[in-house]
Amino acid sequence: MKPDMKKIKREFFQKSALKVARNMLGKYLVRETSEGKCVLKIVETEAYMGVDDDASHSYRGRLTDRNKVMYENGGVFYIYSIYGIYYCLNVVTNKKNIPQAVFIRAAEPLEGVEILKKNRNMNNFNFLHLANGPSKIAQALGLNKEFYGRSVENNRLYFLEGEKVSSKEIALAPRINIDYAQCAKDYPWRFFIKGNKFISKKQFYSL
DNA sequence: AGCGTGATGGTCT
DNA sequence: GACCATCACGCTA
């Protein structure tokens with residue numbers, strides 16, 4: 001990793017979630033704790049487009065304690081718990097009161113593997129499965145609601161410029177586990193790096 | 001490889 | 001009271 005790599009600023013996220021989801025591929029997600037530093041390369045994302053997207057938590061302007069941070073100006077974290085035991089990591093996008101977000105689905109471990117491994121506490125260790133799912137990422141990085149609503153411009157959880165990913169390397173597909181959506185169920189709002197070994201497992205089913 | 005299922009509790013109506 | 005932007009494991013083959 002280049003030492004001069006720049007931190008990504010909030011402005012990066014203040015555009016359509018579709019654009020941001022695509023542009024987040026190849027970026028590095030960095031987690032720093034007293035234990036050390038972990039770096040993940042983002043390889044799969046999903047866009048949640050807000051009021052017109054019936055898969056989105058903010059569909060038709062829905063506003064609850066859980067999702068209220070989606071209405072903030074882009075560049076803050078939206079973390080929620082799911083199935084009682086897991087967390088999902090999103091970054092709020094677009095401008096204030098346009099409640100969109102990018103869901104980070106899968107990542108490739110680049111640095112801090114021992115810490116990721118310890119946090120994941122896997123019975124059968126598999127490097128490919130360290131961070132190849134949204135809640136695996138949260139678990140591997142030791143995330144909880146502590147970062148709910150926090151700006152991406154902080155020193156504990158942030159993004160770096162990472163690697164350029166050309167359009168040719170990117171594939172689109174429907175999003176995962178949104179069967180409850182009627183209209184948007186099959187919209188190709190999932191983005192991933194073609195052929196990357198760390199994309200989430202369900203990916204392969206649809207290829 | 002693909003499908004089915006249990007765990008587990010916060011959130012929403 | 002039902003749902004859920006998940007995961008791991010076990011089964012079939």
Side-chain angles (χ1 to χ4, degrees), chain A residues 13 16-18 20-22 24-25 29 40 42-71 74 76-94 98-109 116-149 172-192 195 197-207:
Chain A
F13 299 96
S16 156
L18 282 171
V20 179
R22 181 252 171 270
M24 278 175 73
L25 295 176
L29 173 60
L40 299 176
I42 296 170
V43 300
E44 184 180 354
T45 60
E46 289 177 355
Y48 284 86
M49 291 296 286
V51 295
D52 298 319
D53 174 6
D54 60 353
S56 175
H57 290 164
S58 54
Y59 177 52
R60 300 207 311 206
R62 203 157 68 225
L63 175 61
T64 66
D65 271 345
R66 177 178 67 162
N67 76 358
K68 61 190 174 194
V69 76
M70 290 184 80
Y71 291 79
V76 297
F77 292 108
Y78 172 33
I79 299 183
Y80 61 90
S81 66
I82 189 158
Y83 301 108
I85 28 188
Y86 299 115
Y87 291 98
C88 290
L89 176 65
N90 295 253
V91 185
V92 173
T93 69
N94 223 313
I98 305 178
Q100 303 180 344
V102 172
F103 183 53
I104 303 176
R105 273 206 73 83
E108 172 176 347
L116 299 169
K117 191 172 165 180
K118 175 174 152 294
N119 288 341
R120 288 276 286 122
N121 197 24
M122 302 158 96
N123 280 334
N124 299 306
F125 175 73
N126 182 337
F127 185 64
L128 295 175
H129 295 174
L130 262 181
N132 68 335
S135 297
K136 298 182 195 181
I137 292 172
Q139 190 179 35
L141 297 179
L143 301 180
N144 54 40
K145 287 191 162 163
E146 173 193 352
F147 284 97
Y148 182 89
L172 285 68
R175 294 168 291 178
I176 302 283
N177 281 350
I178 54 156
D179 291 344
Y180 56 85
Q182 301 295 311
C183 302
K185 184 159 59 75
D186 299 315
Y187 291 0
W189 287 351
R190 177 158 55 99
F191 300 80
F192 58 95
K197 294 186 177 63
F198 297 86
I199 51 186
S200 66
K201 193 175 179 184
K202 284 189 176 177
Q203 189 89 239
F204 299 110
Y205 301 164
S206 62
L207 284 180

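As a basis for the values below, the full set of heavy atoms in this structure was taken, side chains included, without hydrogen atoms, waters or symmetry mates. Per chain, numbering begins at 1; letters A, B, ... match sequence-line order.
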Look at the side-chain N and O atoms of [X] and state whether any lies under 4.0 Å from the OP1 or OP2 oxygen of [N].
X        : N     : value
A/Lys136 : C/dA8 : yes
A/Tyr87  : C/dT6 : no
A/Lys185 : C/dA5 : no
A/Asn177 : C/dA5 : no

[X] [atom1] to [N] [atom2]: how many Å, rounded?
X        : N     : atom1 : atom2 : value
A/Asp179 : C/dT6 : CG    : C1'   : 14 Å
A/Leu130 : C/dC7 : CG    : C1'   : 14 Å
A/Met122 : C/dT6 : CE    : P     : 17 Å
A/Ile176 : C/dC7 : CD1   : C1'   : 14 Å
A/Arg120 : C/dA8 : CZ    : P     : 4 Å
A/Arg105 : C/dC7 : CZ    : C1'   : 11 Å
A/Ile85  : C/dC7 : CD1   : P     : 10 Å
A/Tyr187 : C/dA5 : OH    : P     : 18 Å

G-U wobble or Watson-Crick pairing nucleotide for C/dA5 (cut-off 3.5 Å, both distances)
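For C/dA5, the partner nucleotide comes out as none, under the 3.5 Å rule.
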If pairing requires Watson-Crick or G-U wobble contacts with both distances under 3.5 Å, which nucleotide is the partner of B/dT8?
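Paired with no nucleotide.
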Among [options], which nucleotide has an atom closest to any side-chain atom of [X]?
X       : options               : value
A/Asp65 : C/dC7, B/dC12, C/dC4  : B/dC12
A/Ser81 : B/dG10, B/dC12, C/dA5 : B/dG10
A/Arg62 : B/dT11, C/dA5, B/dT13 : B/dT13

Looking at every strand, decide which applies to [X] at a 4.0 Å heavy-atom threshold: base, sugar-phosphate, or nothing.
X        : value
A/Arg66  : sugar-phosphate
A/Ala55  : base
A/Asn123 : sugar-phosphate

Within the side chain of [X], is there an N or O that forms a donor-acceptor pair under 3.5 Å with the backbone of [Y]?
X        : Y        : value
A/Ser135 : A/Cys88  : no
A/Gln100 : A/Ala17  : yes
A/Glu46  : A/Ile176 : yes

In this structure, which one of A/Asp186, A/Asp53, A/Asp54 forms a salt bridge (Lys or Arg N to Asp or Glu O under 4.0 Å) with A/Arg175?
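Filter result, single survivor: A/Asp53.
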Aromatic plane relationship, A/Tyr48 with A/Phe103 - under 30° parallel, 30 to 60° tilted, over 60° perpendicular:
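Because their plane-to-plane angle is over 60°, the rings of A/Phe103 and A/Tyr48 count as perpendicular.
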Side-chain donor or acceptor of A/Tyr83 under 3.5 Å from a matching atom on the base of B/dA7?
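Check fails, no donor-acceptor contact within cut-off.
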Ignoring hydrogens and angles, does a donor from either the side chain of A/His57 or the base of C/dA5 sit under 3.5 Å from an acceptor on the other?
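Side chain to base: pair present.
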Would a line drawn from the ring center of A/Phe192 to the ring center of A/Phe198 be shorter than 6.0 Å?
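Aromatic pair excluded; centres sit 6.0 Å or further apart.
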